[in-house]
Amino acid sequence: MSSASPQPEEAAAAAGSPSEFLKNIVGKRVKVRIGSGVDYHGLLTCLDGYMNVALEETEEWANGRKTAEYGDCFLRGNNVLYISALEDL
């Protein structure tokens with residue numbers, strides 16, 4: 001049996017794990033979406049195992065419009081739906 005395509009373990013390692021992604025985005029600009037559908041864009045300064053997020057230079061976006069600006073912002077992990085990078089890693 002030839003091995004033309006990578007095994008699932010190899011493919012997952014090549015793509016990177018979620019924990020590796022989270023380690024790589026600290027210090028980068030990110031978008032955090034919370035359960036209400038509001039997005040927060042800012043510089044990720046801290047992230048813990050509960051997905052509690054600390055951002056600096058934060059903008060709040062709702063319905064495609066910027067609604068507020070904050071110097072520092074703390075988002076409790078149980079409200080976080082996802083975190084995505086806004087810049088290359």
Side-chain angles (χ1 to χ4, degrees):
M1 178 189 249
S2 80
S3 146
S5 63
Q7 297 299 319
E9 299 86 22
E10 294 171 6
S17 68
S19 62
E20 193 66 30
F21 169 76
L22 293 173
K23 288 177 191 173
N24 289 333
I25 62 170
V26 174
K28 308 278 188 195
R29 294 203 53 82
V30 298
K31 174 172 87 171
V32 181
R33 174 153 298 170
I34 62 171
S36 65
V38 175
D39 293 334
Y40 291 88
H41 299 190
L43 183 67
L44 180 64
T45 56
C46 188
L47 177 72
D48 68 11
Y50 296 102
M51 293 296 287
N52 294 318
V53 176
L55 301 172
E56 291 181 355
E57 304 168 13
T58 310
E59 300 173 342
E60 180 182 74
W61 289 77
N63 301 319
R65 296 182 10 209
K66 183 164 60 170
T67 55
E69 292 185 13
Y70 306 104
D72 295 325
C73 178
F74 179 80
L75 301 170
R76 190 170 174 199
N78 66 330
N79 294 312
V80 174
L81 290 181
Y82 68 80
I83 303 173
S84 62
L86 292 177
E87 59 185 71
D88 292 336
L89 300 179

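- The pair Lys66-Glu59 meets the salt-bridge criterion, since a charged nitrogen lies less than 4.0 angstrom from a carboxylate oxygen.
- When Leu22, Leu55, Val32 are each tested for a side-chain contact (heavy atoms from CB on, under 4.5 Å) with Leu44, only one passes: Leu55.
- Interatomic distance, CD of Glu57 versus NE2 of His41, reported as 14.0 Å (0.5 Å rounding).
- Within a 6.0 Å radius of CG in Asp48, more than 12 heavy atoms belonging to other residues, nucleotides or ligands are found.
- Counting all heavy atoms, side chain and backbone alike, Thr58 lies closest to Cys73 at OG1-CB, 3.5 Å.
- By the rule that hydrophobic residues join a cluster once side-chain heavy atoms approach within less than 4.5 Å of another member, Phe21 and Tyr82 end up as members of separate clusters.
- Across all non-hydrogen atoms, the minimal contact from Asn52 to Phe74 is CB-CZ, 3.6 Å.
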Decide yes or no on side-chain contact (heavy atoms from CB on, under 4.5 Å) for Leu47 and Ile83, but give the supporting numbers first.
-> CA-CA 11 Å; Leu47 177 72; Ile83 303 173; 3.9 Å; yes
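- What you find for Ala85 and Ile25 is that their closest heavy atoms are CB-CG2, 4.1 Å.
- Hydrophobic clustering keeps Val80 apart from Leu86 (ILVMFWY residues linked when any side-chain heavy atoms are closer than 4.5 Å, directly or through intermediates).
- The line from CZ of Arg33 to CG of Leu81 is 7.5 Å long, rounded to the nearest 0.5 Å.
- The same ILVMFWY cluster, assembled from side-chain heavy atoms under 4.5 Å apart, contains both Met51 and Val38.
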